[in-house]
Asker: 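My structure is below; once you've seen it, I'll send some questions.
Chain letters run A, B, ... following the sequence lines, proteins first and then strands; every chain starts at 1. The figures that follow rest on heavy atoms only: side chains count, while hydrogens, waters and symmetry mates do not.
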Amino acid sequence: MPSTMGSTSRDDLSRAGGARAETASGTTDGTTAGSTNGGTTAGTAPPGDVPVRLLDEKGVRHPDPGLDRWLTDVDAGTDDARGALLALYEDMVVARRIDAEATALQRQGELALWPPLQGQEAAQVGSAAALRDDDFVFSSYREHAVARRRGVASVDLLRVWRGVTASGWDPYAVGMATPQVIIGAQALHGVGYALGIQADVERGVVAPGEGGTAAVVAYVGDGAMSQGDVNEAFVFAATWQVPLVLFCQNNQWAISEPVALQSAVPLVRRAWGFGVPGVRVDGNDVLAVLAVTREALHRARTGGGPTFVEAVTYRMGPHTTADDPTRYRDASELDVWAERDPIARLAAYLRAGGLLTGDDEVRVRAAADAVAAELRAGVVAIEDPPPLSVFDHVYAEPHPTVAAERAEHAAYLAGFADTGTTTTGTTTTDTTTSGEGADR
Amino acid sequence: MTTQTLTLAKALGAGLRRAMTDDPTVMVLGEDIGRLGGVYRVTDGLQAEFGPRRVVDTPLAESGILGTAVGLAYRGYRPVVEIQFDGFVYVAFDQIVSQLAKMHARTRGAVKLPVTIRIPVAGGIGAAEHHSESPEAYFVHTAGLRVVSVSNPQDASTVLRQAIACDDPVVFFEPKRLYHVKGEVDPGLPLDDAPPMGTARVVSPGDDVTLVTFGSHVATALDAATAASDEGVSIEVIDLRSLSPIDHDTIAASVRRTGRLVVLHEGPRQAGVGAEIATSVTERCFDFLEAPPVRVTGYDIPYPPAKLEGNQVPDLDRVLVGVDRVLGRSPASSAPAGAEVGA
Ligand SMILES: Cc1ncc(C[n+]2csc(CCOP(=O)(O)OP(=O)(O)O)c2C)c(N)n1
Ligand SMILES: [Mg+2]
């Protein structure tokens, strides 16, 4: 076993086997989770440091009694089970296809920016597949596959990135907040929302469902783990034992900063210090992610409080379409992670079991192409919104300053229409309403 | 209608109690607000009455408090958060400015965040550092927030209830110097019978000078009006009440009659609320002005130690010097910069 000092945060997936972190039922406390200083003097990784994995890199399924009980539906060997597995596969393939199409659209000038998710499909699809309709998601800006699974139309995923709107969807219609760009801020929103669920149940305005109450998943990145807001979210969530899963996609990078720069210990160990159970999962293994998230959600729904999930994965593409990863990381790194590709891994598992036929693959590819075509057509058809919409929704109730400025800008724009000029200053004098009589 | 004599702190508590009784989604969160009742005892007795689920002692992290409030409001609650002292709100700045203030616009109106942020504000109480700040300009500058400051117990009670009922986030400033000031309060005053939250009020009519202020300095301004009247100068005192939006119509109507404007506040001068009012009055009332507007404000310095705070907080004399200057009676009025109002 390598010393964990150099590789704790940039975790070494070659160490992962069928081993399972002790997490869920409180069997692992801070002491047994590992030493507190990040070094493992005995030379072995603390058990919680080894990512939970059910599918190895060749797609071979390893049994795990603790986790298998969360996968009885996909393991059943029935038509329904096969359907569920194929749905996971299709969602991952379609997500990657959307990602590629969006990247192309950005290159062609149709989008201002795009943050690719390639490599993180299993972490996103697996976790989102564990959610109920009445659950709520707070995410950052890269969780396109989560949003799609929640029911966001693919073209709506791209609106914000085209720069035509502040928001691509109604959060309440899909149970997912719109993207958060301020790193880590959404973790606290997840805490508050979960506290609201708790209060709703106590007030009796919402009855717990069959499997318990609704719950919240808040997605954060490895870089976000350094933010005060995320650390405060741990504190608050633990204090109130809210129904929250803090789900970290450790994709190894925060723009150019490797995760080792954010943390001297595996991120999962942080959770235990806050009194929150933590589990480290192979984020490129969709089945393990699904099982671990279901277990965490079950704990949340049944009064067991928050759980931290660290999904170890890799951002295969640039941070955004504006980024150039060759400036800070070695191309060979990508080769290593390509071997762990989440889609290839699930496909290998399904093929070996006869669950993914050639026909299925053709069908899934066609479905992905159809989504991409629909996406492209939808995006290029989006028109620029009317200029005065910048004044919409600044306040929920009428506001005289905004009303006056809207009128001022409307008059200013109308001046151009009257004179047919577009840039000269002559039109501005008679169109400003900021003088006498304006209610500002 | 039944009125009681209450301190401003008790009036705030009465307003909270009323809001919590009227609306089960109102929750109160903050540091030491539960068993202790807050360091100024504003929430005294509320936890005993409404339980720890609705009157919540939070961990000691302001960004955490505000972020939690955003999430609660997302879920349909009306959180009222207490920031223990003005100087501690900066820790929560992102959650207020980028999250709370912008979320309605960022979701194209889908998500309303009716959060009220109560902040004990300003100095003059001999406090330790970071306990005497006047940070209102930061929030007035932020689209999506409403900002109010109260000057008397009745407003404390009713404007707080209006703020809680408002679907927008409201920053609610409580001047610390006034917590123990008493007044007649009707805690159950129907909100429709009270002046709307965004409006200013003429608290003392006058003809020669318009003196605009808010919070604890309404009292200073009224003292100035009394002192000036002894010299035959009639000052109209306006209590701004709302710092965002600013009730420009009420101010402009007054200045058009008096022709002279003095703005008074304790926060630093540069890009402060006084700058906004002076500019707006100049734009709207230029032809009516007999003299340049005068700002009597705190200086652009860190809030000084307690023994020196009298140099920062405008007092009666500094206001009177400002009034003299707007009347063209002070030598300072010929100073080129025209900005300094020395005592
Ligand atoms: C508060 C804040 N600081 C800095 C940034 C700029 N920024 C955007 S993404 C990013 C990296 C985030 O890394 P991580 O949390 O790992 O998420 P990932 O991009 O890998 O999904 C940074 C520094 C930001 N958006 N917000
Ligand atoms: Mg990252």
Side-chain angles (χ1 to χ4, degrees), chain A residues 136 138 165-173 177-182 184-200 202-203 205 216 218 228-229 231-233 235-236 238-240 389-390 392-402 404 434-440, chain B residues 24-25 27 29 51 53-54 56 58-77 79 91 94-95 98-99 101-114 143-146 166-169 198 244-249 252 280 283-287:
Chain A
F136 208 88
F138 290 89
T165 181
S167 163
W169 63 84
D170 176 348
Y172 296 120
T178 44
Q180 177 64 252
V181 166
I182 302 291
Q186 74 277 11
L188 285 166
H189 305 167
V191 171
Y193 194 99
L195 187 64
I197 291 175
Q198 236 178 22
D200 280 353
E202 274 190 23
R203 290 197 299 135
V205 294
V216 177
D229 276 4
N231 286 275
E232 291 179 24
V235 173
F236 282 54
T239 293
W240 293 322
S389 65
V390 298
D392 292 347
H393 309 301
V394 180
Y395 291 89
E397 298 189 10
H399 193 283
T401 309
V402 175
S434 61
E436 205 70 11
D439 61 343
R440 172 170 191 282
Chain B
T25 67
M27 285 173 69
L29 299 97
R53 179 56 82 186
R54 292 187 67 193
V56 185
T58 66
L60 210 169
E62 285 74 13
S63 190
I65 297 170
L66 262 297
T68 298
V70 168
L72 275 168
Y74 226 111
R75 178 72 189 183
Y77 284 84
V91 181
D94 174 71
Q95 286 290 348
S98 294
Q99 310 303 327
K102 293 194 177 87
M103 200 61 81
H104 191 254
R106 284 172 63 195
T107 59
R108 311 281 313 142
V111 177
K112 297 186 192 347
L113 298 181
L145 297 177
R146 294 172 189 267
C166 179
D167 277 344
D168 290 311
S244 179
I246 291 172
D247 183 353
H248 291 291
D249 289 343
S280 153
E283 285 175 342
R284 293 163 146 258
C285 312
F286 189 72
D287 293 341

Asker: Checking side-chain contact (heavy atoms from CB on, under 4.5 Å) for the pair B:T25/A:R203: CA distance, chi angles, key distance, verdict?
Answerer: CA-CA 10 Å; B:T25 67; A:R203 290 197 299 135; 4.1 Å; yes
Asker: Quick one: which of A:D170, A:I182, A:T239 has the most heavy-atom pairs under 4.5 Å with chain B, could you say?
Answerer: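 Among the listed options, the one with the most contacts to chain B is A:I182.
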Asker: Check whether B:P169 gets within reach of chain A through its side chain, its backbone, both or neither, counting any heavy atom under 4.5 Å.
Answerer: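 No part of it gets close to chain A.
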Asker: Taking every heavy-atom pair that is under 4.5 Å apart, which of B:T107, B:L29, B:D287 has the most such pairs with chain A?
Answerer: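 If we count pairs closer than 4.5 Å to chain A, B:T107 comes out on top.
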Asker: Taking side chain as everything from C-beta outward and backbone as N, CA, C, O, which of these in A:D200 sits under 4.5 Å from a heavy atom of chain B? Side chain, backbone, both or neither.
Answerer: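 Looking at A:D200, backbone and side chain both touch chain B.
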Asker: Select, from A:W169, A:F136, A:F138, the one with the greatest count of heavy-atom pairs under 4.5 Å involving chain B.
Answerer: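 Among A:W169, A:F136, A:F138, the one with the most close pairs to chain B is A:F138.
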Asker: Taking every non-hydrogen pair under 4.5 Å, which of B:G144, B:G109, B:A252 racks up the most with chain A?
Answerer: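 Option with the top pair count is B:G144.
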Asker: Quick check for you: to the nearest 0.5 Å, what is the distance between A:H393 atom NE2 and B:R108 atom CZ?
Answerer: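 Taking NE2 in A:H393 and CZ in B:R108, the distance rounds to 4.5 Å.
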Asker: So for B:V91, is it side chain, backbone, both, or neither that comes closer than 4.5 Å to the heavy atoms of chain A?
Answerer: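 Contact with chain A is absent: no heavy atom of B:V91 under 4.5 Å.
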Asker: Measure distances from A:Q186 to the heavy atoms of chain B and classify the residue's part below 4.5 Å as side chain, backbone, both or neither.
Answerer: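 Contact with chain B: none, neither part.
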Asker: Rounded to the nearest 0.5 Å, what separates atom CG in A:D392 from atom NE2 in B:H104?
Answerer: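 It is 10.0 Å, given to the nearest 0.5 Å.
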Asker: Only distances under 3.5 Å count here; give the side-chain donor-acceptor pairs of residues 59-72 of chain B to other protein atoms, sequence neighbours excluded, each with its distance to 0.1 Å.
Answerer:
residue: B:S63; atom: OG; partner: A:D229; partner atom: OD1; Å: 2.5
residue: B:T68; atom: OG1; partner: B:G64; partner atom: O; Å: 2.7

Asker: Check A:W240 against B:V56 and note the closest heavy-atom contact, atom names and distance.
Answerer: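 Nearest heavy atoms, A:W240 then B:V56: CZ2-CG1, 3.5 Å.
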Asker: Quick check on A:E202 against chain B: is it the side chain, the backbone, both or neither that has a heavy atom closer than 4.5 Å?
Answerer: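 Just the side chain, heavy atoms under 4.5 Å.
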Asker: What part of A:A187 gets within 4.5 angstrom of chain B, counting heavy atoms only: side chain, backbone, both, or neither?
Answerer: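 For A:A187, no heavy atom lies under 4.5 Å from chain B.
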Asker: Quick one: what part of B:R146 sits under 4.5 Å from any heavy atom of chain A, side chain, backbone, both or neither?
Answerer: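 Looking at B:R146, backbone and side chain both touch chain A.
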Asker: For the candidates B:M27, B:K112, B:R53, which exhibits the highest count of non-hydrogen atom pairs separated by less than 4.5 Å from chain A?
Answerer: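 Ranked by contacts with chain A, first place is B:R53.
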Asker: State the SG-OH distance between B:C166 and A:Y395, to the nearest 0.5 angstrom.
Answerer: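 Interatomic distance, B:C166 SG to A:Y395 OH, rounded to 0.5 Å: 10.0 Å.
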Asker: Strictly distance-based, threshold 3.5 Å: is any side-chain N or O of B:Y77 a donor or acceptor partner for the main-chain N or O of A:Y193?
Answerer: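 Between the backbone of A:Y193 and the side chain of B:Y77 there is no qualifying donor-acceptor contact (under 3.5 Å).
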Asker: Measure A:Y172 against the heavy atoms of chain B and call it side chain, backbone, both or neither at under 4.5 Å.
Answerer: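 For A:Y172, side-chain heavy atoms alone lie under 4.5 Å from chain B.
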Asker: Among A:V402, A:I197, A:L188, who wins on heavy-atom pairs under 4.5 Å with chain B?
Answerer: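 Of the candidates given, the most pairs with chain B belong to A:L188.
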Asker: Kindly write out the residues that satisfy side-chain hydrogen bond (donor to acceptor under 3.5 Å, both in side chains) with B:S98, not counting sequence neighbours, or none if the list is empty.
Answerer: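 In terms of side-chain hydrogen bond (donor to acceptor under 3.5 Å, both in side chains), with neighbours along the sequence ignored, B:S98 is linked to B:D94.
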Asker: Name the region of A:A199, side chain, backbone, both or neither, that has any atom closer than 4.5 Å to a heavy atom of chain B.
Answerer: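 Looking at A:A199, backbone and side chain both touch chain B.
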Asker: Taking all atoms of both residues into account, what is the closest heavy-atom pair of A:P179 and B:R106, and its distance?
Answerer: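 Where A:P179 meets B:R106 most closely, the heavy atoms are O-NH2, 3.6 Å.
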Asker: Do A:H189 and B:M103 have side chains that approach each other closer than 4.5 Å (heavy atoms only, starting at C-beta)?
Answerer: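 Side chain of A:H189 against side chain of B:M103, heavy atoms only: contact under 4.5 Å found.
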